[in-house]
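Positions are given from 1 along the sequence.
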Amino acid sequence: MTNGKRWIAMATAAMAGIGMAGAADARVPAGTWANPSNTVQVRFAPCGRGPDAELMCGTVVWASEQAKADAARGGSPRLVGTRLFTDFEEEEPGRWAGTVFVPDIGREVEGTITQLDARTLVGQGCLLGRLGCREQRWHRVK
């Protein structure tokens, strides 16, 4: 193989590797996202080990004083650092399901997250079956 062909083969392999890493990262909307009222920011990242490494979790990295007070009234005195989204598994491309902790009421509910585009997530959850359902549009901060 000539030096030119070798360079092209190495560049192609490197680009393929970058593309595959990018595709894996794109599966989880990693980064920091804010709720609709911009009172809570959550960092989403892959979580778990081994076969669970592709699960997604979201932890509060910033909260307004009002959000902290609301969480404290619900029994969650330390909002920043609390994991709100746990073990979200991709059901189909761009849609995950898992457990959501609602600090204002101190309860966990089953929920889904759907990524509409690079800057918008829609979170949905219900208290009991299809009762007490709520939807929020989160926007990317970082």
Side-chain donor-acceptor distances from residues 33-41 under 3.5 Å, at least two apart:
residue	atom	partner	partner atom	Å
Trp33	NE1	Pro29	O	2.9
Asn35	OD1	Asn38	N	2.9
Asn35	OD1	Thr39	N	2.8
Asn35	OD1	Val40	N	3.2
Asn35	ND2	Thr39	OG1	3.0
Ser37	OG	Thr39	OG1	3.2

Hphob cluster co-occupancy, Leu84 + Val141, side-chain heavy atoms under 4.5 angstrom | no
Would you say the side chain of Arg43 lies within less than 4.5 Å of the side chain of Thr59, judging by non-hydrogen atoms?
-> no
Is Leu79 reachable from Val109 through a run of I, L, V, M, F, W or Y residues, each pair having side-chain heavy atoms under 4.5 Å apart?
-> yes
What's in the same ILVMFWY side-chain cluster as Val122, cut-off under 4.5 Å, chained through other members?
-> Leu116
Please collect all ring pair (Phe, Tyr, Trp, His ring centres under 6.0 Å) contacts where either partner lies in residues 60-85, sequence neighbours excluded, each pair once.
-> Phe44-Phe85, Phe85-Phe88, Phe85-Trp138
Taking side chain as C-beta onward, heavy atoms only, is Cys57 less than 4.5 Å from Asp87?
-> yes
Where at least one partner belongs to residues 102-118, residue pairs that pass salt bridge (charged side-chain N to carboxylate O under 4.0 Å, His left out), sequence neighbours excluded = none
Kindly compute the distance separating CZ (Arg140) from CG (Leu121), expressed to the nearest 0.5 Å.
-> 7.5 Å
Which pairs pass salt bridge (charged side-chain N to carboxylate O under 4.0 Å, His left out) with one or both residues in residues 70-85, sequence neighbours excluded?
-> Asp70-Arg73
Nearest heavy-atom pair of Gly106 and Phe101: which atoms, and what distance?
-> C-CE1, 3.7 Å
Can you name the side chain to side chain contact (heavy atoms under 4.5 Å, CB included) partners of Arg95, sequence neighbours left out?
-> Glu91, Glu92, Thr112, Thr114, Gln124
Closest approach of Val80 to Val61 (non-hydrogen atoms, all atoms of both residues) | CG1-O, 3.9 Å
